[in-house]
Amino acid sequence: MYKIVIVGGGAGGLELATELGNKLGRKNKANITLVDKNRTHLWKPLLHEVAAGSLDDGIDALSYRVHAKNHGFNFKLGELANIDRENKIIHLAQLMDQEGIQILPESELSYDILVMAIGSVSNDFKTKGVSDHCIFLDSPQQAKKFHHRMLNKYLQLGVHQTNQVSVAIVGAGATGVELSAELYNSLQQVSSYGFEHIKTTDLKVSLVEAGDKILPALPERISASAHKELVKLGVDVRTKTMVIEATAQGLLTKEGELIQADLIVWAAGIKAPDFLKEIAGLDTNRANQLVVKANLQTTLDDSIYAIGDCASCALPDGKFVPPRAQSAHQMASLVAKNITATINNKPLVDYKYRDYGSLVSLSNYSTVGSLMGNLMKGSMKIEGRLARLVYISLYRMHQVALHGYLRTGLITLVERINRVLRPRLKLH
């Protein structure tokens with residue numbers, strides 16, 4: 001029986017494990033194991049909502065172990081340390097708790113096919129002071145860390161001569177833009193839960209971008225529309241502003257200006273985790289991504305695949321597949337087909353990236369983006385309620401891949417009921 005090990009339970013890794021478990025694991029055609037250092041899964045594009053408090057990850061997170069039992073695969077709690085390609089074994093590091101006490105010792109897992117779906121982390125570009133003074137939004141734990149600090153700052157308003165909460169966000173991609181808008185939405189909710197003294201002017205958000213415009217992946221008109229909406233909310237949008245250092249007081253720019261901030265979020269770029277750099281002698285690029293062939297096998301080992309943000313996959317035009325949730329979704333589907341083909345002694349197929357466009361949510365205020373970029377001449381620009389509907393449908397597609405249509409429909413119904421029964425903001 002084939003042993004298939006998937007490392008990383010993000011969007012791509014979990015969808016792949018679910019599909020293989022349903023098709024192969026339940027029929028005893030393969031033994032599938034998903035490895036992740038966390039116990040639960042949360043769709044990464046939702047992390048800005050966790051940070052703002054408008055989403056409770058305790059409710060929306062999915063248990064890997066329960067999901068594995070329901071879908072014919074195994075779950076192993078652990079963190080990858082190394083790969084022994086010769087013996088086809090992965091080594092997992094010992095697992096420690098927050099007090100430094102060992103939970104699990106070092107262990108090994110053998111494989112016939114290994115899929116790397118590690119995802120990505122924030123890239124600080126070795127900017128001075130970032131690791132010490134900035135918060136990243138790479139995980140629910142980091143998002144909750146920001147949320148707790150934000151709540152504490154609200155409590156301090158009017159006390160100890162604290163009259164304003166200032167937040168600086170570096171990087172005006174989707175994460176930075178969405179978080180900027182979500183913070184103002186959460187501020188409105190906070191004022192209705194015993195913080196009546198808090199006003200909109202008590203929050204100052206600075207969005208700092210080194211490039212010429214925000215949302216560089218989107219067309220100029222859409223970028224300008226989002227820029228206008230953010231300014232209307234009160235966001236101080238700064239383009240063409242290079243940050244050279246992060247300090248306890250704020251951000252120091254190349255021009256020598258200090259952008260004061262109580263909290264700093266770094267969302268300026270991504271890279272694959274540093275431990276992937278040249279792991280097991282595999283071919284990697286400058287961003288630590290594993291270089292893959294057209295069929296998503298790594299260039300130096302056909303028994304190892306890479307998908308999602310940790311994969312460097314070249315497109316026919318010389319560009320590379322962008323690090324988006326839709327890319328991970330498509331890659332997971334392709335690798336599922338290729339693994340099934342390998343088991344059935346059939347030829348593998350190549351990955352063809354389909355760009356369905358980009359959408360950015362400005363919380364409850366607006367949604368903007370472009371749709372179906374490669375399916376028509378140019379792209380269709382959409383915003384408002386239609387864009388919001390399509391944006392939500394992206395998450396529903398992920399849920400359908402994990403749960404099927406019926407269960408996703410029930411989950412959606414429960415979410416609507418919770419909007420009535422539960423507070424609109426998490427305050428703990």
* Could you walk me through whether Asp138 and Leu47 pass the side chain to side chain contact (heavy atoms under 4.5 Å, CB included) test, one step at a time? => CA-CA 8 Å; Asp138 297 328; Leu47 288 180; 5.9 Å; no

* For Arg324 and Asp309, run salt bridge (charged side-chain N to carboxylate O under 4.0 Å, His left out): C-alpha distance rounded to whole Å, both residues' side-chain angles, the deciding distance at 0.1 Å, then the answer. => CA-CA 7 Å; Arg324 297 177 184 170; Asp309 291 0; over 6 Å; no

* When you look at Lys88 and Glu108, which way does the salt bridge (charged side-chain N to carboxylate O under 4.0 Å, His left out) test go after all the steps? -> CA-CA 10 Å; Lys88 290 192 173 183; Glu108 298 178 349; over 6 Å; no

* Please test Val130 against Phe136 for side chain to side chain contact (heavy atoms under 4.5 Å, CB included), starting from the C-alpha separation and ending with a verdict. => CA-CA 9 Å; Val130 170; Phe136 305 111; 3.7 Å; yes

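In summary, the side chains of Glu182 and Asn185 do present a donor paired with an acceptor at a separation below 3.5 Å, with no hydrogens or angles considered. If you check the side chains of Gln330 and Tyr353, you find no donor sitting under 3.5 Å from an acceptor. With 3.5 Å as the limit, one finds a donor-acceptor pair spanning the side chains of Gln94 and Gln102. Asn82 and His91 share no side-chain donor-acceptor pair at under 3.5 Å.
Checked for salt-bridge contact, Asp274 and Lys277 miss the test: no charged N lies under 4.0 Å from a carboxylate O. Note on Lys213 versus Glu209: no salt bridge recorded, every NZ/NE/NH1/NH2 to OD/OE distance being 4.0 Å or above. In this structure, Asp57 pairs ionically with Lys144, as a charged nitrogen and a carboxylate oxygen lie closer than 4.0 Å. Between Arg238 and Asp236, at least one side-chain nitrogen of the basic residue sits less than 4.0 Å from a carboxylate oxygen of the acidic one, meeting the salt-bridge criterion. A salt bridge is absent between Asp36 and Lys76: the closest approach of a Lys/Arg side-chain nitrogen to an acidic carboxylate oxygen does not fall below 4.0 angstrom. Look at Arg85 and Asp301 and you find a salt bridge, because one of the NZ, NE, NH1 or NH2 atoms lies within 4.0 Å of a carboxylate O, short of that distance. With salt bridges taken as basic N to acidic carboxylate O contacts below 4.0 Å, none links Glu49 and Lys44.
When atom types are taken as modelled, the side chain of Tyr2 and the backbone of Ile343 share no donor-acceptor pair closer than 3.5 angstrom. Asn295 contributes a side-chain N or O that, together with a main-chain N or O of Gln297, makes up a donor-acceptor pair within less than 3.5 Å. Using modelled atom types, one side-chain atom of Asp112 and one backbone atom of Lys3 make a donor-acceptor pair closer than 3.5 Å. A donor-acceptor pair is defined here as one N or O able to donate and one able to accept, closer than 3.5 Å; such a pair exists between the side chain of Asn123 and the backbone of Phe125. Under a 3.5 Å cut-off, the side chain of Ser327 and the backbone N or O of Pro323 do not form any donor-acceptor pair. Between the Thr18 side chain and the Leu402 main chain, no donor and acceptor come within less than 3.5 Å of each other. Proximity of a side-chain donor or acceptor of Ser333 to a complementary backbone N or O of His329 within less than 3.5 Å is detected.
The two residues Phe75 and Asn38 have their closest heavy-atom pair at CZ-O, 3.4 Å. Taking all atoms of both residues into account, the shortest heavy-atom contact from Leu207 to Gly171 is CD1-O, 3.6 Å. What you find for Gly176 and Ile169 is that their closest heavy atoms are CA-CG2, 3.7 Å. Scanning all heavy atoms of the two residues, the minimum distance from Ser63 to Thr40 falls at CA-CG2, 4.2 Å. Between Ile118 and Pro273 the shortest heavy-atom distance is CG2-CG, 3.4 Å. Here the closest heavy-atom approach between residue Trp266 and residue Ser122 is recorded as O-OG, 3.7 Å.
To the nearest 0.5 Å, the span separating CD1 on Ile307 from CG on Leu290 amounts to 11.5 Å. For the atom pair CD1 (Ile32) and CD (Glu19), the distance works out to 10.5 Å, reported to the nearest 0.5 Å. Note that the CD1 atom of Ile83 and the OH atom of Tyr111 stand 6.0 Å from one another [nearest 0.5 Å]. Separating the OG1 atom in Thr299 from the CG atom in Asp283 is a distance of 4.0 Å, to the nearest 0.5 Å. Taking CD1 of Ile264 as the reference point, atom CZ of Phe146 lies at 11.0 Å (rounded to 0.5 Å). To the nearest 0.5 Å, atoms CD (Gln399) and CD (Glu15) are separated by 10.5 Å.
Within a 6.0 Å sphere centred on CZ of Arg407, other residues, nucleotides and ligands contribute 12 heavy atoms or fewer. The local environment of CE in Met96 is crowded, with over 12 non-hydrogen atoms from other residues, nucleotides or ligands closer than 6.0 Å. Around atom NZ of Lys37, no more than 12 heavy atoms belonging to other residues, nucleotides or ligands sit under 6.0 Å away. The environment of Gln141 atom CD is dense: over 12 non-hydrogen atoms of other residues, nucleotides or ligands sit within 6.0 angstrom.
A 4.5 Å side-chain heavy-atom check between Tyr395 and Leu46 finds at least one atom pair inside the cut-off. Looking only at side-chain heavy atoms (C-beta outward), Phe73 and Leu16 stay at 4.5 Å or farther from each other.
Checked against a 6.0 Å centroid threshold, the rings of His41 and His67 do not count as neighbours.
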